[in-house]
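Beneath this line is the structure, given in C-alpha cells, with notes to follow.
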Amino acid sequence: MNVLKVKKGETLARKQDKVMEWYLIQEGSVIRQFAFAEIIMHRNAIVGILENEWFACDYVANEDTTLIVIPCKNAQDLRKILSEHENFRPIFLRTAVEQRHQALCLYASLQKKCMLLHNAAETLYSEYKNLCSEKLLDEQDFPRMEQFAALKMQHRAENWEIANSNSLVRSYLKEYMQLMIKDDSLCVGAIMEAAAQMRRVTQGIGEMVNYLQYNRDILFSDSRDDIFHLFFAMAVQQSQKKQDISEIKKRLLNMVDVMTKLDVYDKKQMAEAHELCENYDFTKESEGRINIMREDCIAHIMEYAGYGSDMIRDFHSIVQQYRELPDMMSTDNEARQLRREITKVFYDIYTKAFMRSVEELVKPSPIMMMFFNFGFMDAEVLGETNTNALYNLTDSLGLFHSANVYTVYDWLVQIYQGKKDPSRNEFDQDFNAFLLEEKRTGNITEEQMQQYKNDRRQKVQFEIRNMFTSGNRVTYGRVTTFCPVLMEEDFINTVEKMAVTAEKIADAINKVRCVDYSALYHDVMFSDPDRGINQEWIKKEILPDVILMPNAGTRTLMWQETSGAKIDTPARFLFPIFSAVDLDDQMVECIGRYRWEICRRVQGVYWNDIREKSLTAEYCDFIQYYRKNSDLSADAKEKIKTALSRARNSYREVFVKDYQAWMKYESQGSFRLNKVARDILVRYCPFAKDIRQGLATNPQYQNAFHRLDAENRKKLQRFRSVYDKYEAAGGEITPELKENLRFYQM
C-alpha cells in the first residue's frame with residue numbers, strides 16, 4: 001500500500017471519478033462536499049469505502065493530509081484485504097459505521113431544512129393573502145406558489161434508520177464491533193451493508209440539496225420575484241399611506257430568521273435582506289417586483305442590444321404575425337418566411353446583446369438571462385405558466401453549469417475570455433483556418449487576418465455564426481419548423497421536468513461509463529527521457545464539454561470529437577437545454593457517434609482501410625461486403641439492407657443503431673445484433689468487468705472476454721514493471737499514470 005500526500009485545497013477525488021481505490025486518512029482531514037453542504041472526515045476515515053462505482057461528490061483536503069492508498073473497490077477486494085490484514089477489521093468497520101452516521105446526520109439536517117422552507121413559504125404566503133384582505137390591499141400575483149410543493153423523496157432514509165444509527169454510535173458501538181470483527185464474513189457484510197445504506201442516503205442528500213437550490217428563491221431572490229418582496233412592497237405601500245407596518249416588518253424579520261436557519265443564501269443576499277429590514281426608508285418609492293407577464297420583453301431585450309424604436313416595432317410586428325398564425329408549426333410559405341425573418345434578427349440581437357453583457361460588465365436582468373440561456377423573447381409566445389417557470393429558473397442557473405457542462409451563454413463567455421477556443425465550422429475549419437481561407441479568397445487583408453486572430457469579438461461572432469446557429473437548429477429536432485424563439489408548443493411537459501441540468505448530464509454519462517467503460521478514454525503520450533521513459537502510450541479519460549442549446553428539443557449533436565488538434569482535448573456535445581425525449585438514450589446515441597468519429601480522427605486516412613485494424617475499418621468492411629459474408633444468415637442480411645436504407649447508406653448511422661442495441665440490450669444478455677457486429681463491438685467497445693463477469697458463461701462472449709482479460713493482465717503487468725523502474729529512477733507516479741493502471745483493471 002502506497003502513501004499519498006495532498007496539500008490543503010487539493011482535490012483528492014472528483015464527482016464522476018471512477019472508484020478504483022480507497023484512501024485511509026493517516027494525518028489531516030478531508031472535506032466531503034455536497035454543493036452548500038459538507039462533511040469533515042478526520043483521522044482513520046476512509047475516502048471511497050461507502051461509494052459505489054463513481055464518487056458521489058468531491059473530496060477536498062481540508063489541510064495538508066497524508067493518506068494510505070488501499071487497492072480496493074468492491075466486496076471481493078475488501079474480503080481479501082481483511083483476510084490478509086486482520087488489524088484493518090476494526091478500522092474499516094468503525095469508519096464505515098461512523099461515516100454512515102455522519103451522512104445520516106447531514107440527511108436529517110437537510111430534511112429539516114426542506115420542511116422548514118416548505119412550511120415557511122406556505123405559512124407566509126397565506127399570511128400575506130390574509131393581510132391583503134384585512135388591509136384592503138391589491139394582492140400581487142405570485143404564480144410560483146401554484147407550482148411549489150413539498151419534496152417527494154425517491155431515495156429516503158427512514159426515521160428508524162437515523163434512530164438506529166444514533167443508538168449504535170452513541171451507546172453500543174464497542175459491543176457491535178467486538179461481535180462483527182470476529183469473522184471476515186460478518187465484518188465484510190456489515191461494511192457493505194453500511195455502504196449500500198450510505199449510497200441511498202447520499203442520493204437522498206443530493207435530492208434535498210437540489211430541492212433547496214431550486215426553491216430557495218421562493219423566499220428571497222435576486223430577481224425580487226419572491227415572498228420577501230411581496231411583504232416588502234406591502235410595507236412600502238402602507239408606509240406611504242402613514243399606516244402601521246409593524247406586523248409586516250415582523251414577518252420580514254421572521255423570513256430573515258428562516259433564511260439564516262436554512263443557510264443556503266449567499267452573504268450578499270443575507271446582507272441585503274438585513275439591510276431592507278433594519279435600515280430601509282419605507283416612505284420612499286421602491287423598485288418593486290417585476291411582473292414578467294406585464295413586461296414588453298421584446299423591447300427590453302432589443303433596447304439592451306442597442307436597437308432603436310423603429311427596429312423594435314418592426315420585429316414586434318413580425319412576432320405578432322407569427323403568433324397569430326392558425327398553426328405556428330405549419331410548413332407553408334407564410335410560416336416559413338416569418339420564421340426566416342425571426343431567425344435572422346434573433347441571432348443579430350443575441351450577438352449585440354452578448355457583446356454588451358461582457359464588455360460593460362453590468363449584470364444582465366432576469367429577462368436578459370432568460371434570453372441568453374433559454375432563447376426566451378416573448379411571454380405570449382411561451383405562455384404564462386412556462387414564462388413564470390422560466391423566470392424562476394434565472395435564480396437557479398447554477399443547476400445548468402459544472403466543470404464540463406455549459407449553457408450557450410456560459411460557453412460564449414468562455415470563448416470571449418479565451419478559456420476555450422471557437423469550435424470548427426461545418427467545413428471542419430478552426431478559427432485560424434477560416435481566417436486564412438478568408439484572406440485567400442480576398443475577403444480580408446493580411447493585416448486584418450493578423451488583427452482578427454486575437455480579436456475576442458471576432459471569435460465569439462465566429463462561434464455564433466457556426467456552432468450556435470447550426471447546433472440550435474439541429475438539436476431542436478424538427479429543422480423544417482425551427483424557430484429560435486422559445487414557444488409554448490415546444491413543451492410537452494413542465495419546464496422543471498424537461499430541464500437538462502448538469503446533474504442529469506453527469507448521471508447520463510455515468511450510465512454509459514458503467515457499461516462501456518472505455519468509451520471516453522484516449523491514448524495519450526507520456527514521456528520522461530531523463531528517467532527512462534522515451535515514449536509510452538497511456539490511457540486517459542477525457543469527459544466531453546456539453547453545451548446546452550437554448551431550445552426545447554429532441555436531438556443531440558456530437559459537434560466535435562476533440563476541441564483542437566491534440567487528441568487529449570475534450571469532445572463537444574450539443575444538447576437541448578429542455579429535452580422532450582429520454583436523456584439517457586440521447587447520451588448513448590451521442591457517445592456512439594463520438595466513438596466512430598474519434599476512431600476516424602485517430603486513424604486518419606486509414607480509417608476505413610481493413611489492413612489497419614480499427615473499429616471503423618472493420619465495421620466498414622463488414623457493411624460493405626455483408627452480402628458475401630457466410631457468417632450472416634439471409635434474415636441478418638435483409639436486416640442490414642433495411643438498416644442501410646433507413647440510415648441513407650451512412651455506415652456511421654448503422655453503427656450507432658447497433659451501438660444503442662449493444663448498450664441497452666446486449667449488456668443485459670438479450671441478443672439483438674448479428675454475429676459479425678457483435679464480434680466487432682465486443683472487441684472495440686467491451687463491457688465493464690462486472691458485466692463481463694455476469695455474461696462470462698455465455699458462449700457468444702466467452703472467448704472474447706477471456707482474450708480481453710488476458711490482454712489486460714499482460715498490459716497491467718508490463719506497466720507495473722515500467723512504473724517500478726521509473727520510480728527507481730526518481731520518477732513520480734502521477735494521477736495520470738495511476739489512471740492508466742486503473743483502466744486495465746476495469
Side-chain angles (χ1 to χ4, degrees), residues 1 3-4 12 19 21-32 34 37-52 55-57 59 61-63 65-112 155-205:
M1 297 181 188
V3 174
L4 176 66
L12 178 64
V19 180
E21 53 200 13
W22 297 347
Y23 305 94
L24 172 64
I25 300 174
Q26 197 173 34
E27 292 178 9
S29 57
V30 172
I31 305 172
R32 192 174 184 212
F34 300 89
E38 61 183 36
I39 294 172
I40 306 294
M41 303 170 67
H42 296 283
R43 189 172 184 270
N44 285 336
I46 300 177
V47 175
I49 191 171
L50 299 181
E51 301 280 10
N52 194 5
F55 285 105
C57 55
Y59 290 86
N62 190 42
E63 55 191 302
T65 303
T66 303
L67 309 108
I68 297 174
V69 181
I70 303 168
C72 182
K73 57 184 182 294
N74 53 38
Q76 185 179 347
D77 293 344
L78 179 61
R79 178 181 289 276
K80 182 181 178 183
I81 288 173
L82 295 184
S83 65
E84 293 174 355
H85 306 276
E86 287 190 22
N87 59 315
F88 276 4
R89 287 183 190 172
I91 297 173
F92 279 37
L93 180 58
R94 177 182 286 275
T95 193
V97 172
E98 289 180 345
Q99 285 175 225
R100 175 184 61 184
H101 182 65
Q102 282 182 310
L104 283 165
C105 289
L106 177 59
Y107 180 99
S109 170
L110 289 171
Q111 190 175 43
K112 289 177 182 176
H155 304 93
R156 57 181 299 142
E158 302 296 338
N159 290 334
W160 64 262
E161 292 180 278
I162 299 171
N164 174 277
S165 181
N166 284 333
S167 295
L168 177 60
V169 171
R170 293 172 184 173
S171 305
Y172 302 104
L173 184 56
K174 184 178 178 181
E175 293 87 342
Y176 176 80
M177 287 186 60
Q178 285 175 344
L179 173 62
M180 292 299 170
I181 64 175
K182 289 181 179 180
D183 178 82
D184 278 349
S185 295
L186 280 175
C187 191
V188 170
I191 292 170
M192 299 313 292
E193 184 179 38
Q197 189 178 16
M198 169 72 171
R199 288 194 290 274
R200 174 166 46 86
V201 170
T202 300
Q203 288 175 302
I205 288 171

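Computed from a predicted model, the values in this text were never measured in an experiment.
- In this structure the side chain of Asp184 reaches within 4.5 angstrom of the side chain of Arg89, judged on heavy atoms.
- With hydrogens and angles ignored, the 3.5 Å screen pairs a side-chain donor or acceptor of Glu51 with a backbone N or O of Ala56.
- Minimum interatomic distance between Ile81 and Pro71 (heavy atoms only, all atoms of both residues): CD1-O, 3.9 Å.
- Aromatic rings of Phe92 and Phe88 (six-membered ring for Trp) have centroids within the 6.0 Å cut-off, being under it.
- Minimum heavy-atom separation, Val19 to Phe55: CG2-N, 3.7 Å.
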- Task: Start with the C-alpha gap between Ile205 and His155, add the side-chain angles, then the distance that decides, and say whether side-chain contact (heavy atoms from CB on, under 4.5 Å) holds.
- Result: CA-CA 9 Å; Ile205 288 171; His155 304 93; over 6 Å; no

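- Looking at Ile49, Leu24, Asn44, Ile191 one by one, the single match for side-chain contact (heavy atoms from CB on, under 4.5 Å) with Thr95 turns out to be Ile49.
- Remark: Gln26 CD to Arg43 CZ distance equals 7.0 Å, nearest 0.5 Å.
- In this structure, Gln99 contributes its side chain and Ile46 its backbone to a donor-acceptor pair below 3.5 Å.
- Put simply, the side chain of Phe34 reaches to within 4.5 Å of the side chain of Leu106, judged on heavy atoms.
- Between Pro90 and Met177 the shortest heavy-atom distance is O-CE, 3.2 Å.
- Proximity of Ile25 to Leu67: side-chain heavy atoms (C-beta onward) are separated by under 4.5 Å at one or more points.
- Using a 4.5 Å heavy-atom threshold, the side chains of Met198 and Leu104 count as separate.
- Between Glu21 and Leu4, every side-chain heavy-atom pair lies at or beyond the 4.5 Å cut-off.
- In this structure, a donor-acceptor pair under 3.5 Å is absent between the side chains of Tyr107 and Glu161.
- Glu63 CD: more than 12 foreign heavy atoms inside a 6.0 Å radius.
- Taking all atoms of both residues into account, the shortest heavy-atom contact from Ala108 to Ile162 is CB-CD1, 4.1 Å.
- Glu158 and Arg156 get closest at one heavy-atom pair: OE2-NE, 3.6 Å.
- Closest non-hydrogen pair, Val201 versus Ala103, comes out as CG1-O, 3.7 Å.
- Residues Ser185 and Arg79 are in side-chain contact: their nearest non-hydrogen atoms beyond the backbone lie under 4.5 Å apart.
- Proximity of Val47 to Met41: side-chain heavy atoms (C-beta onward) are separated by under 4.5 Å at one or more points.
- Remark: side-chain polar atoms of Trp22 are paired, donor with acceptor, to backbone N or O of Cys72 under 3.5 angstrom.
- The shortest distance between side-chain heavy atoms of Tyr23 and Val69 falls below 4.5 Å.
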